[in-house]
Participant: 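Below is a structure I'd like to ask you about.
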Amino acid sequence: MRAVVTGGTGFVGSNIVKVFGDRHGVPVVVPTNSFVPTDDSYEHAPLDMTDAAAVMSFMEAHTPSVIVHSAILNDFSLISVDRRAGWAGYVGATRNVVQAANAVGAKVILVSTDWVFDGTQAGADESTPPNPVNIYGVLKLASELVVTEGAANGAVARIAGVNGVHWARHHTPRSQDPGFGYFASWIVEALRAGKPFRVWEADDINMVATTSLASESAEMMWRIADRDLTGIFHCVGGESVTRRELALRTAAAFDLDPSLLEFGPPTIDVMPGAVVPYDTTLDASATAAALDYSLPSLAEQLRKFRTQIEEGVLA
Ligand SMILES: NC(=O)c1ccc[n+]([C@@H]2O[C@H](COP(=O)([O-])OP(=O)(O)OC[C@H]3O[C@@H](n4cnc5c(N)ncnc54)[C@H](OP(=O)(O)O)[C@@H]3O)[C@@H](O)[C@H]2O)c1
């Protein structure tokens, strides 16, 4: 196997690079955008994913057998106001990847999201028809369709409530938002510093989700590649929790003081004008069976996350 991991300098992508490269010994090439990595354990070269000819030349030069496509234009405000930029950064980039993958005979695995569902579809499984309620969900669903309809050998790996270490940039990349990504990192960072942390609770944000540890999701993607599977997969953990439960269980797993946690509605308008899905619980039993994988409990995810933070290695 030879892999190209787009977005490999991002949060989720850096976990895919680590699992494919460090754990499974797969040679990995990462196209870079604005951030240039200092890690020389993998090859990297500049590439704008929205440039079709450049993506084709890149894949022809590196001849991957699998392309894991995690790069996105990760700016909700921008994609809300500039629909062309949003379309190019998600759907256009995915089309470029699929066309290049088909040309070089590579498999494509698109990293997608539970936000393709509307927040009332709790327990959505791999075959549940999606119903996105905001521009991010629409762009991700359109990207999924590019892969499922256009790739000669394509898979969609939906992830959700993603926690974990960012291996490429050693910082927590953003503050609390209405989703579940990075949630455990915010709790750990604040409580370790002895600062109070207000866990948002409100009817108009993502209140229930099926958590994932980024490296576990990456392991599931590696299995999709290794077994050469196609279709839609839910690469998540085996438990769904509320924000409150996740906060309390994170504090316990890291031996931190839960009395520093406060609960209440956001004090700012968190996603002006956007609808946010409330309950994005996923059922991943078909994926677990296809990958012969035991979905990790939240306790297991938090234990591995702690090891990753404290020892700097994949657990
Ligand atoms: N994080 C979550 O909680 C979560 C949950 C569900 C699904 N996902 C999915 O996981 C994937 C990765 O998300 P993430 O949170 O890891 O995002 P991220 O940390 O913001 O990473 C995005 C990556 O894409 C790269 N990129 C952006 N525009 C590019 C371009 N035009 N050409 C080449 N590379 C470009 C970025 O490079 P630069 O930084 O250098 O621009 C960065 O490496 C996405 O597909 C997302 O939908 C994430």
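These figures come from a predicted structure and were not determined experimentally. Each ligand, and each atom within it, is numbered from 1 in the order the structure gives.
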Participant: Any luck finding a side-chain donor-acceptor pair between Thr210 and Glu239 under 3.5 Å?
Facilitator: no
Participant: Using the test side-chain contact (heavy atoms from CB on, under 4.5 Å), find all partners of Arg227 that sit at least two apart in sequence or belong to another chain.
Facilitator: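 Arg223, Leu229, Asp292.
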Participant: Going through the checks in order, is the side chain to side chain donor-acceptor pair (under 3.5 Å) test met by His234 and Thr287?
Facilitator: CA-CA 6 Å; His234 286 175; Thr287 297; 5.5 Å; no
Participant: Considering only heavy atoms of Phe35, which atoms of ligand 1 have at least one such atom less than 4.0 Å away?
Facilitator: 40 (O)
Participant: Please work out, at 4.0 Å between heavy atoms, whether the side chain, the backbone, both, or neither of Thr9 comes within that distance of ligand 1.
Facilitator: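 Under 4.0 Å from ligand 1, Thr9 contributes backbone and side-chain atoms.
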Participant: I'd like to know whether ligand 1 has Ser212 as a neighbour, heavy-atom separation below 4.0 Å.
Facilitator: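 False for this residue.
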Participant: So, Phe183 versus Trp186, ring centres under 6.0 angstrom or not?
Facilitator: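 Distance test on ring centres: under 6.0 Å, yes.
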Participant: Could you work out, for atom 29 (C) of ligand 1, the closest of Asn163, Thr50, Asn33 by heavy-atom distance?
Facilitator: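 Result: the heavy atom closest to atom 29 (C) of ligand 1 is in Asn33.
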Participant: Is it the case that over 12 heavy atoms from other parts of the model lie below 6.0 angstrom from the CH2 atom of Trp200?
Facilitator: yes
Participant: Using 4.0 Å as the upper bound for N to carboxylate O, is an ion pair formed by Glu126 and Arg158?
Facilitator: no
Participant: Between ligand 1 and Tyr136, can you find any atom pair, the residue atom being a heavy atom, that is separated by under 4.0 Å?
Facilitator: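 Tyr136: in contact with ligand 1 (<4.0 Å).
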Participant: Would Met49 count as being in polar contact with ligand 1, using the rule that some N or O on each side must be under 3.5 angstrom apart?
Facilitator: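 N/O-N/O distance below 3.5 Å exists for this pair.
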Participant: Are Glu219 and Lys18 within salt-bridge range, i.e. N to O under 4.0 Å?
Facilitator: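 Answer for the salt bridge query: no.
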Participant: At a 4.0 Å threshold, what atoms of ligand 1 neighbour a non-hydrogen atom of Gly181?
Facilitator: 3 (O)
Participant: Quick one: look at Lys140 and ligand 1, take heavy-atom pairs under 4.0 Å, and tell me if it's side chain, backbone, both or neither.
Facilitator: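 The answer is the side chain of Lys140.
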Participant: If the threshold is 4.0 Å, N to carboxylate O, is there a salt bridge linking Lys304 and Glu300?
Facilitator: yes
Participant: For ligand 1, does Ala168 get within less than 4.0 Å through its side chain, its backbone, both, or neither, judged by non-hydrogen atoms?
Facilitator: neither
Participant: Can you tell which of Val12, Val5, Val236 gets a heavy atom nearest to atom 16 (O) of ligand 1?
Facilitator: Val12
Participant: Can you see whether Phe35 has Arg169 sitting over its ring - NZ or CZ less than 6.0 Å from the centre and within 45° of the normal?
Facilitator: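 Yes, Arg169 sits over the ring of Phe35.
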Participant: For ligand 1, which atoms sit closer than 4.0 Å to a heavy atom of Phe11?
Facilitator: 1 (N), 16 (O), 19 (O)
Participant: If you count the atoms of ligand 1 from 1 in the order shown, which ones are under 4.0 Å from a heavy atom of Gly7?
Facilitator: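 Counting from 1, the qualifying ligand atoms are 23 (C), 24 (O), 43 (O).
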Participant: List ligand 1 atoms under 4.0 Å from Asn74, heavy atoms only on the residue side.
Facilitator: 15 (O), 17 (O), 18 (P), 20 (O)
Participant: Run the contact test for Ser70 against ligand 1 with a 4.0 Å cut-off on heavy atoms, strictly below, and give the result.
Facilitator: yes
Participant: Touching ligand 1 at all, Phe180? Heavy atoms, strictly under 4.0 Å?
Facilitator: no
Participant: Heavy atoms only, cut-off 4.0 Å: how does Thr32 contact ligand 1, side chain, backbone, both, or neither?
Facilitator: neither
Participant: Regarding ligand 1, does His166 bring an N or O atom to under 3.5 Å of one of the ligand's N or O atoms?
Facilitator: no
Participant: When you compare the side chains of Trp115 and Asn134, does any donor N or O come within less than 3.5 Å of an acceptor on the partner?
Facilitator: no
